[in-house]
Amino acid sequence: MATPRAQPQAVVGGGAAGAPGGVTMRMFHGDVFLGEADVFPMKQAGEGGLPFPSNEIRISHLSPASERCPPLAILQTIAPFSLRCKLQAKLMPPHPSLHRLYLTCFNEFKSAVVVVGDDELHLVAMPSKVEKVPCFWCCSLRSGIYAASVGMLNLRCLAIVFDLDETLIVANTMKSFEDRIEILSRRMDVEDDPVRVSGMSAEIKRYIEDRELLKEFIDTDTVTDNGRIVGTQKEEVVPMSGGQERVLRPVIRLPERNAILTRINPEIRDTSVFVKLRPAWEDLRSYLTAKGRKRFEVYVCTMAERDYALEMWRLLDPETNLISLHNLAERVVCVKAGSKKSLQNVFKDKGCHPKMAMVIDDRLQVWDEKDQPRVHVVPAYTPYYAPQAEMASAVPVLCVARNVACNVRGGFFREFDENLLRKVFELMYENELLDLPYAPDVGDYLVCEDTSFPQNNKDTAPIHEGMSGAEVEKRLNGLAYPRDQKQIPSLIRLSDDEGATIRDTPGSTNIQSNGGSLATTPSLFVTVLQEIGRLCESKVEFRSTVSSVKSMQFSVEVLFSNEKIGIGIGKTRDEAQVQAAEKALQNLESSYLSFVTPVAGVPNKDANKSPGSGNGFLEDAILSDDISMEEPSGSTLKQQDHSNASDRLSSVIGLIRELCLEDQHVVFRDQVQNSGSALNEEYHFQAELGGQILGRGTGLNRDFAKLQEVPEVVKAPLNLGSTFKGRSGSSLLTQT
């Protein structure tokens, strides 16, 4: 319910309080003379003067009527503190035409608009404590933005801007499939880590499976899905203008796979594309238009080629519920690859004000710096590299985005209704510029995501999974690459090539290519924790929330194999993340020892504890290792366990080497060796750094004894934080 208008109060002064002497000007509505008014500038003449050309006020039209929002509330939202001058009728009684204009604007929530070049001057009818004549405030803003904002604010509607590739979809042609398979095959040939080799092999299999479906679609216009032959459906692409011909595209939709096959140019089979839709898109789409009420005006901003972008959006919104056909051409905005995206370019200065818009994108840095606070960053969609990542969380990524959008909209209009509207209704003609209330901004309610924030336990996909930017234009311009061509686009060169495109490393700041070298500043605790997760083949996940609405502090939880093992709170995301990782390491250390000790051949003093007392992160890892092996004999199993431990020891020692101070060494000292039989022989080691003992270990052989020390060595940054935080990567590792 709208707050009642303020009523005139006792006389406390006259005219425009505190303003310099007024200038008399003639007022017109079109060519109709309305009378004269005294104009009082808000600034001294030398700092801007009066905004009206030719010393006359010529109104061109009245703004659209508002159902619930007075014009001053709208102006303060989209052009805050833009008050240029004040006007009041010169004659008493005022000219009848001017009086009628004033009453129309006041009662119908309209403003009188004066067009000056590319700007509009809005005359807002104001109540007065003193004056008995029509009084106005004059505010300025860009032409067209007011009319677009009136409807959105009346309907309690904001704008949302979507990126396409790796945010909502991943698309591939035959050539891009083959390129990625070739790249991964090359990397497998030089990779020594069996875990990474296994991951690459599984990724290649997923690429090959979808490539075969695409090839079948190209050759026969059908696909065989789980033994079922699925044929194409001809989907009509409605022309956006009368001069375009009707187009029928062959399309196969495979909802069980979240996949669609389409052909950008129906006449050229090599423009066929295999599209993966991000899970939970239907949930997000339904929220945007639930119950026929539009909560957000939808836009698309992408670096892809235009025909491709229009077809991808058609697949996402086939019934044009989100963007009508009439608005499609201006609402799908394609930005040149390498350029910055900006909300001002998306809205072209008229569709919406950037303060009323939020963005869903998998990259933050591609946006203009002033728009970045309004970007909700989602993890890049990587269905081939990490197909399980989307469902690893209890809430899918796009459902999180839906919830964020809901919270942003609720917070924005709560501030608009409870603060701005209430205070605007209390304002009088005699109030000053600084009496205007604060206006809400979408950025106030959107926690800006950091692209370095780790989303899963593995490194981010080292190659782009779909096409983007110039790659799309080359492949879908009707001159698609021959399938036997082996050229690899520069966009997806191998990471050891100079200038390679490389994704951000989890737990670090953004990595930028610079002559083939990389600069990164990873958090020590985060790096250690992620390395432990990799070695244990367990998923390390960081989840963030806002711990307090008032303080807006960040809260980060650490999950190890879906079990919460640490939480941190800080003023920044990095601070909270480091604190959470530090606490997680402390909690992991005791659990790690309890499970690694029996493997090393040393009785576990906590062996009688209930398995439920821990998080179970190593039980899963050990069981999965056993299941993956053939049934071995006892001696063979021990040999494989020993080999496994040696491999893990080598990896962890490599990590510790990176954590050491320059010119300081981790030294493993052989303390005691039992003189019993070979079966009962034990090795005792202690690790030292800079003269300080980091840990001790005991085992049936040297590797197991050293491996037992690893938790204490890894924990050392917690005890020697000031030393380790200043480490350099050039230290050496020795053992005696």
Side-chain angles (χ1 to χ4, degrees), residues 164-166 168-189 200-224 232 249-252 254 257 259-277 302-312 315 334 336-338 380-385 387 461-495 497 499-503:
L164 289 178
D165 292 299
E166 295 190 298
L168 299 180
I169 56 106
V170 165
N172 280 286
T173 61
M174 285 294 293
K175 183 63 174 65
S176 65
F177 271 138
E178 290 164 1
D179 285 342
R180 284 150 180 81
I181 293 170
E182 182 177 350
I183 289 173
L184 288 169
S185 299
R186 290 181 181 178
R187 292 184 177 178
M188 284 181 61
D189 292 341
M200 291 180 189
S201 176
E203 187 175 355
I204 288 176
K205 289 179 181 178
R206 288 187 282 269
Y207 275 121
I208 291 175
E209 181 180 358
D210 285 351
R211 182 193 64 180
E212 292 307 307
L213 288 174
L214 180 60
K215 184 177 185 301
E216 186 179 1
F217 173 68
I218 293 173
D219 294 340
T220 67
D221 281 344
T222 64
V223 298
T224 303
T232 59
R249 281 204 177 98
V251 175
I252 296 178
L254 303 174
R257 292 177 175 265
I260 303 176
L261 296 97
T262 186
R263 194 165 295 147
I264 305 299
N265 185 337
E267 305 301 321
I268 303 177
R269 289 183 175 267
D270 276 345
T271 63
S272 298
V273 183
F274 189 99
V275 185
K276 284 273 196 181
L277 273 59
T302 176
M303 292 183 179
E305 186 268 341
R306 186 160 182 79
D307 287 344
Y308 164 86
L310 289 170
E311 174 62 3
M312 293 304 104
L315 297 176
C334 296
K336 184 178 180 182
Y381 180 37
T382 54
Y384 298 100
Y385 177 76
I463 60 175
H464 288 282
E465 298 219 342
M467 302 176 297
S468 60
E471 185 181 6
V472 175
E473 187 172 5
K474 289 190 294 184
R475 293 181 176 176
L476 298 178
N477 62 358
L479 300 173
Y481 292 125
R483 291 182 221 167
D484 59 348
Q485 187 174 345
K486 297 301 180 184
Q487 176 186 357
I488 299 178
S490 60
L491 184 65
I492 53 171
R493 288 196 295 263
L494 295 177
S495 59
D497 290 347
T501 300
I502 301 178
R503 284 190 173 277

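Side-chain atoms are counted along with the backbone in the values below, which use heavy atoms only and exclude waters and symmetry mates.
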- Message: Side chains of Ile260 and Leu277, heavy atoms from C-beta outward: is any pair under 4.5 Å?
- Response: yes
* **Residues Asp221 and Arg269 bridged, charged N to O under 4.0 Å** => yes
Counting only N and O atoms by type, is there a donor-acceptor contact under 3.5 Å from the side chain of Arg306 to the main-chain atoms of Cys334?
no
Is a donor from one side chain sitting under 3.5 angstrom from an acceptor on the other, for Asp165 and Tyr381?
no
Sorted by chain and residue number, the side chain to side chain donor-acceptor pair (under 3.5 Å) partners of Thr302 (sequence neighbours excluded) come out as none
Q: List the steps and the verdict of side chain to side chain contact (heavy atoms under 4.5 Å, CB included) for Val275 and Glu311.
A: CA-CA 11 Å; Val275 185; Glu311 174 62 3; over 6 Å; no
Tightest non-hydrogen contact, residues Phe217 and Pro250, listed as CZ-O, 3.6 Å
(request) Show your reasoning for whether side chain to side chain donor-acceptor pair (under 3.5 Å) applies to Thr271 and Arg263. (result) CA-CA 6 Å; Thr271 63; Arg263 194 165 295 147; 5.5 Å; no
*Is it true that a side-chain atom of Arg211 and a backbone atom of Tyr207 form a donor plus acceptor pair closer than 3.5 Å?*
no
Distance col, row Thr222:OG1 vs Ile252:CD1, nearest 0.5 angstrom, shows 6.5 Å
Regarding Asp270 and Lys175, does a basic nitrogen lie under 4.0 Å from an acidic carboxylate oxygen?
no
| message | I'd like to check Tyr384 versus Val170 (side-chain heavy atoms, cut-off strictly below 4.5 Å). Are they in contact? | response | yes
| query | Within the side chain of Glu166, is there an N or O that forms a donor-acceptor pair under 3.5 Å with the backbone of Thr382? | reply | no
Is there a side-chain contact between Arg180 and Ile204 in this structure, where contact means two heavy atoms from C-beta onward sitting under 4.5 Å apart?
no
When every non-hydrogen atom of Glu216 is compared with those of Thr224, the smallest separation belongs to OE2-OG1, 2.8 Å
Between Lys205 and Glu209 (salt bridge meaning N to carboxylate O under 4.0 Å), is one present in this structure? no
d(Phe177 CZ, Glu212 CD) to nearest 0.5 Å is 10.0 Å
Value for OG (Ser272) from CG (Leu261), rounded to nearest 0.5 Å, stands at 8.0 Å
Sorted by chain and number, sequence neighbours left out, side-chain contact (heavy atoms from CB on, under 4.5 Å) with Pro387 holds for Arg206
Taken to the nearest 0.5 Å, the spacing of Leu164 CG from Met312 CE works out to 8.5 Å
Checking Ile181 against Ile208 for the side chain to side chain contact (heavy atoms under 4.5 Å, CB included) test, could you report, in this order, the C-alpha distance in whole Å, the side-chain angles of both residues, the deciding distance, and whether it holds? CA-CA 8 Å; Ile181 293 170; Ile208 291 175; 3.7 Å; yes
So, Thr173 side chain and Ser176 main chain: donor-acceptor pair closer than 3.5 Å or not?
yes
Review point. Does Asp307 reach the side chain of Glu305, with side-chain heavy atoms less than 4.5 Å apart?
Key: yes
One should read off an interatomic distance between Thr262 OG1 and Leu315 CG, to the nearest 0.5 angstrom, of 5.0 Å
To the nearest 0.5 Å, atom NZ of Lys276 lies from atom CG of Leu254 at 9.0 Å
| task | Starting from the C-alpha separation in whole Å, work towards a yes-or-no answer on side chain to side chain contact (heavy atoms under 4.5 Å, CB included) for Val273 and Ile264. | result | CA-CA 7 Å; Val273 183; Ile264 305 299; 3.9 Å; yes
